[in-house]
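In this text the structure is predicted, and so the values were computed from the model without any measurement. Chain naming here is simple, since letters A, B, ... match the order of the sequence lines and numbering starts at 1 in each.
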Amino acid sequence: MAIQLFDSLSRTLKPLKASQPDGVIRFYNCGPTVYAAAHIGNFRTFVVNDVIRRLLELEFGAAKVKHVRNLTDVDDKTIRRSQEEGRSLADVTKQWTEKFWADCKALNCLSPHEEPRAADPKYLKAQVNMIDVLLEKGNAYRSADGSVYFKVNSFPEYGALSRVKERDLQLGSALAGKPQTADADEKEDGSDFALWKAWKAEDGPNKWPGPHGASEGRPGWHIECSAMSKAILGETIDLHTGGVDLLFPHHENEIAQSQCCNGTTFANHWYHSEHLLVDGKKMSKSLGNLYTLDQLTAMGHSPMALRYALLMGHPRKQLNFTLDSLHAAESALKTLREYRATLPETTTGAHEVFGHVLTSLNDDLNTPAALGALFTIVNRKGGEADRASFDRVMFALGLDLKVEAPKAAVPAEITALAEKRWAAKQAKDFATADTLRKELTAAGWAMLDRKDGYSLEKAKS
RNA sequence: GGCGCGGUAGCCAAGUGGUAAGGCCGAGGUCUGCAAAACCUCUAUGCGCCGGUUCAAUUCCGGCCCGCGCCUCCA
């Protein structure tokens, strides 16, 4: 079964296919802003996109997939962070880019083939060039302060993706109390958006030569994706993805810029993954319900458990994350590990045994159905499966069964108690052994006996 | 106010016009000095509420209640 995904623009399920004669699937995934550690909600999107990447490779072959994910390393947040910390922008964004890569690796995400940076001189130039074209064509205008804005009413199709039409007339209660953005006065129309932002004192040393007739400054957020996807993948891409919150205005604006500039369809397929919720609400610093991967591993959870937990819900439905779901994921991974050990090494070509798992994934990325189908087979315990076919499914899901929860360091006093108990047990002094076990349990440690020795595990927080 | 999504067992979560996948937890059992692991068995007459269509609805239609997200730079 060919991969089909929901397309946000047509609102239908559509098969993914290459539009160019070379047969390469051009896949662009909106990446992170590198000013802090990405949280697990961000990683839901990146894990989901990683599964898409893997499914594409399985269907079309690794050589026929070109996966691009940008790094936003120049914007309000990155600049503000660098100014606050008195460090260069490059220094700050390098730090968080490397952290992002490390987290992605821990979550077993394949690296995109290219990860263009918005502040890369090569791509800054591409962005400026694109803005120049938009100015020439009359889709953009300069404001008094030397910024450049996109003229939304110059693009009649604006709003097709988000279906937000005549928004200005519909601004209701939810927006009424919000302050106007600082640059509102510079715009001809409230729905216009910045392509180029003129330098301000608070930007510090961060400024670059702008488009014709504009001041020194920096690119607006949306233009980077339009310019970099064009530079690397060409004017028309086959799949463009991101979190739902990017649907408007980010992706709507990308369409407007790219199509006005290039005169061609920007993306043939749009896919958006839903939010991860924590405690029933979207994660936010103000609610204090924001988790990072580091926080979870510090609690003794493995990154793979997080990956599994993120796949437990349908990617196009909000998923409420809880620490309990992490425990469930760990238990499920353990079962899979044990199941794999029972499988014969030889390949019998039994891929069809797991056919339903792949079919579920290919059918709009139904990860929960796929996991359900997987465990139905695991529970059968029949001998029809083999490791090669099982590993193929693990590849598709990106589950690396070799990764286990990090072992907590055992304090010396715990080791001492365990040694005493082991000695008592060997001497068949079970009363003493049981007392010591209770002490260990009270201290939060479980002592697991084997024939020839023991191991210690810390209770999960 | 506009746009969109969702409400299925203790928790998470698929799904179908013909009577509810799967995971976690829990219970019982086998095994075992104890504990753990492993293995076996069990766990929704029910799918937010009220109507309607139908031989038959959790699944289609209408209304209602509740929750969540987006509405100019949040994945």
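- When distances run from any side-chain atom of A:K317 to the nucleotides B:rC71, B:rA21, B:rA14, the shortest one goes to B:rA14.
- For A:R437 and B:rC34, a side-chain-to-base donor-acceptor distance below 3.5 Å is present, hydrogens and geometry of angles not being considered.
- On the P atoms, B:rC5 is 15 Å away from B:rG63, given to the nearest whole Å.
- Nucleotides B:rU43 and B:rC11 place their C1' atoms 14 Å apart, quoted to the nearest Å.
- Here the options are A:C104, A:C30, A:S111, the test is side-chain contact (heavy atoms from CB on, under 4.5 Å), and the partner is A:R69; only A:C104 passes.
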Below 3.5 Å between N/O atoms, which protein atoms pair up with nucleotides 23-31 of chain B? Just atom names and distances, please.
unit_1: B:rG23; atom_1: OP1; unit_2: A:N379; atom_2: ND2; d: 2.8

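- Using a cutoff of 4.0 Å between basic side-chain nitrogens and carboxylate oxygens, A:D429 and A:R421 are not scored as salt-bridged.
- Comparing B:rG15 with B:rC74, their P atoms are spaced 32 Å from each other, to the whole Å.
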field: Base-pairing string, 5' to 3', of RNA chain B - Watson-Crick or wobble, under 3.5 Å, | interstrand
entry: (((((((..(((.....[...))).(((((.......))))).....(((((..]....))))))))))))....

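- Separating the CZ atom in A:F266 from the NZ atom in A:K230 is a distance of 10.5 Å, to the nearest 0.5 Å.
- A salt bridge (Lys or Arg N to Asp or Glu O under 4.0 Å) with A:R218 is found for exactly one of A:D76, A:D73, A:D75, namely A:D76.
- Using a 4.0 Å cut-off between charged nitrogen and carboxylate oxygen, A:E274 and A:R316 do not count as a salt-bridge pair.
- Separation of atoms OG1 (A:T342) and CZ (A:F390) is listed at 8.5 Å; rounding is to 0.5 Å.
- A salt bridge links A:D391 to A:R340: at least one charged side-chain nitrogen sits closer than 4.0 Å to a carboxylate oxygen.
- Of the residues in residues 100-116 of chain A, none lies under 4.0 Å from RNA chain B by heavy-atom distance.
- Using a 4.0 Å heavy-atom criterion, one finds that A:K334 contacts the sugar-phosphate atoms exclusively.
- Atom CG in A:L448 sits roughly 10 Å away from atom P in B:rA36 (whole-Å rounding).
- Heavy-atom distances under 4.0 Å link RNA chain B to A:R421, A:K425, A:F430, A:D434 of residues 413-435 of chain A, given in residue order.
- When heavy atoms are screened at a 4.0 angstrom cut-off, A:N366 is found touching the sugar-phosphate backbone but no base atom.
- In summary, the side chains of A:H251 and A:H272 do present a donor paired with an acceptor at a separation below 3.5 Å, with no hydrogens or angles considered.
- A:L247 comes within contact range of no nucleotide atom at all, as no heavy-atom separation falls under 4.0 Å.
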Close N/O contacts between protein and nucleotides 65-68 of chain B (under 3.5 Å):
unit_1: B:rC68; atom_1: OP1; unit_2: A:K281; atom_2: NZ; d: 2.1
unit_1: B:rC68; atom_1: O2'; unit_2: A:Q318; atom_2: OE1; d: 2.9
unit_1: B:rC68; atom_1: O2'; unit_2: A:Q318; atom_2: NE2; d: 3.1

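- Looking at residues two or more places apart in sequence or on another chain, you find a ring-ring contact (aromatic ring centres under 6.0 Å, His included) between A:F100 and A:F43, A:F46.
- Side-chain contact annotation: A:H240 with A:E254, donor-acceptor N/O pair under 3.5 Å present.
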